[in-house]
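This report concerns only the one structure given below.
Sequential numbering from 1 along the given sequence is applied to the chain's residues.
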Amino acid sequence: MTCGILLVTHTGIGTSLLEVATTLLRHLPLKTEAFEVPFDADLDALLPAASAAMRRVEGDGGVLILTDLYGASPSNLAGQLARLGTPTRRVSGLSLAMLLRVMNYPEQGLDQLPATAAAGARNGVITDDA
């Protein structure tokens, strides 16, 4: 079952990551959208628009929500989205490595993709003495 991907981030992050991923991969195998949360946002006021974004990407397997920073407004909004009834999972710490890793495993379901996303983020961090 195919999952959709919703990036819920601070302004400028999700759209930029999505643009770079699309340029690198040329085609994203999963329906993906970025929903950016302004710093002064009223989360209750944003919930309908965020819900609409989630419905646009929703696959028959649900939606994986990727947020940039756990505990910040985008992550809190993602938590509200998760309570609306659509099968969702939330992973925080969004990076380009995480997003690309998810896109390389489009066949995985909502039960596997969160671990794949987290592995992409971990494996994307390299310490180099150069």
Check: Which residue pairs pass the salt bridge (Lys or Arg N to Asp or Glu O under 4.0 Å) test when at least one of the two sits in residues 49-65, sequence neighbours left out?
Finding: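 Of all non-adjacent pairs touching residues 49-65, those that pass salt bridge (Lys or Arg N to Asp or Glu O under 4.0 Å) are Glu33-Arg56.
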
Under the rule for side-chain hydrogen bond (donor to acceptor under 3.5 Å, both in side chains), what residues qualify as partners of [X], not counting sequence neighbours?
| X | answer |
| --- | --- |
| Arg122 | none |
| Asp44 | Gln80 |
| Arg89 | none |
| Ser92 | Thr67 |

How close do [X] and [Y] get, counting heavy atoms only, and between which atoms?
| X | Y | answer |
| --- | --- | --- |
| Ala97 | Gly120 | CB-O, 3.4 Å |
| Phe35 | Ala53 | CD1-CB, 4.1 Å |
| Ala117 | Val102 | CB-CG2, 3.6 Å |
| Ser16 | Gly12 | OG-O, 2.7 Å |

Side-chain heavy atoms nearer than 4.5 Å, only ILVMFWY residues, links allowed to pass through others: does that put [X] and [Y] together?
| X | Y | value |
| --- | --- | --- |
| Val63 | Leu28 | no |
| Leu96 | Leu6 | no |
| Val8 | Val91 | no |
| Leu84 | Leu46 | yes |
| Leu64 | Leu100 | yes |

Item checked: Stepwise side chain to side chain contact (heavy atoms under 4.5 Å, CB included) test for Ile5 and Met103 -> CA-CA 9 Å; Ile5 309 297; Met103 291 301 163; 4.0 Å; yes

Rounded to the nearest 0.5 Å, how far does [atom2] of [Y] lie from [atom1] of [X]?
| X | Y | atom1 | atom2 | value |
| --- | --- | --- | --- | --- |
| Asn104 | Thr116 | CG | OG1 | 10.5 Å |
| Leu47 | Leu77 | CG | CG | 6.0 Å |
| Leu113 | Gln108 | CG | CD | 5.0 Å |
| Arg101 | Leu99 | CZ | CG | 13.0 Å |
| Leu110 | Ile65 | CG | CD1 | 9.5 Å |
| Leu66 | Ser95 | CG | OG | 9.5 Å |

Margin query: If only side-chain N and O atoms count, and only distance matters, is there a donor-acceptor pair under 3.5 Å linking Glu36 with Thr11?
Written below: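 Distance-only check fails for Thr11 and Glu36.
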
Is the shortest heavy-atom distance from the side chain of [X] to the side chain of [Y] under 4.5 Å?
| X | Y | result |
| --- | --- | --- |
| Ser73 | Leu43 | yes |
| Leu81 | Ser51 | yes |
| His10 | Val37 | no |
| Arg90 | Tyr70 | yes |

Check: Where the side chain of Arg26 meets the backbone of Thr22, is there a donor-acceptor pair that is under 3.5 Å apart?
Finding: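 No; judged by distance alone, with no hydrogens or angles, the pair does not exist.
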
Notebook entry, point to check: Does the Asp68 side chain pair with the main chain of Thr9, one donor and one acceptor, at a distance under 3.5 Å?
Noted result: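 Flag not set: sc Asp68 to bb Thr9 has no pair under 3.5 Å.
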
Check: How would you list, by chain and number, every residue that makes a side-chain contact (heavy atoms from CB on, under 4.5 Å) with Ala34, sequence neighbours excluded?
Finding: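 side-chain contact (heavy atoms from CB on, under 4.5 Å) check on Ala34 returns Leu7, Thr15, Leu18.
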
Checklist line | Reference residue Val20; test side chain to side chain contact (heavy atoms under 4.5 Å, CB included); the match among Thr23, Leu24, Leu17 | finding: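 For Val20, the side chain to side chain contact (heavy atoms under 4.5 Å, CB included) test succeeds with only one of Thr23, Leu24, Leu17, which is Leu24.
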
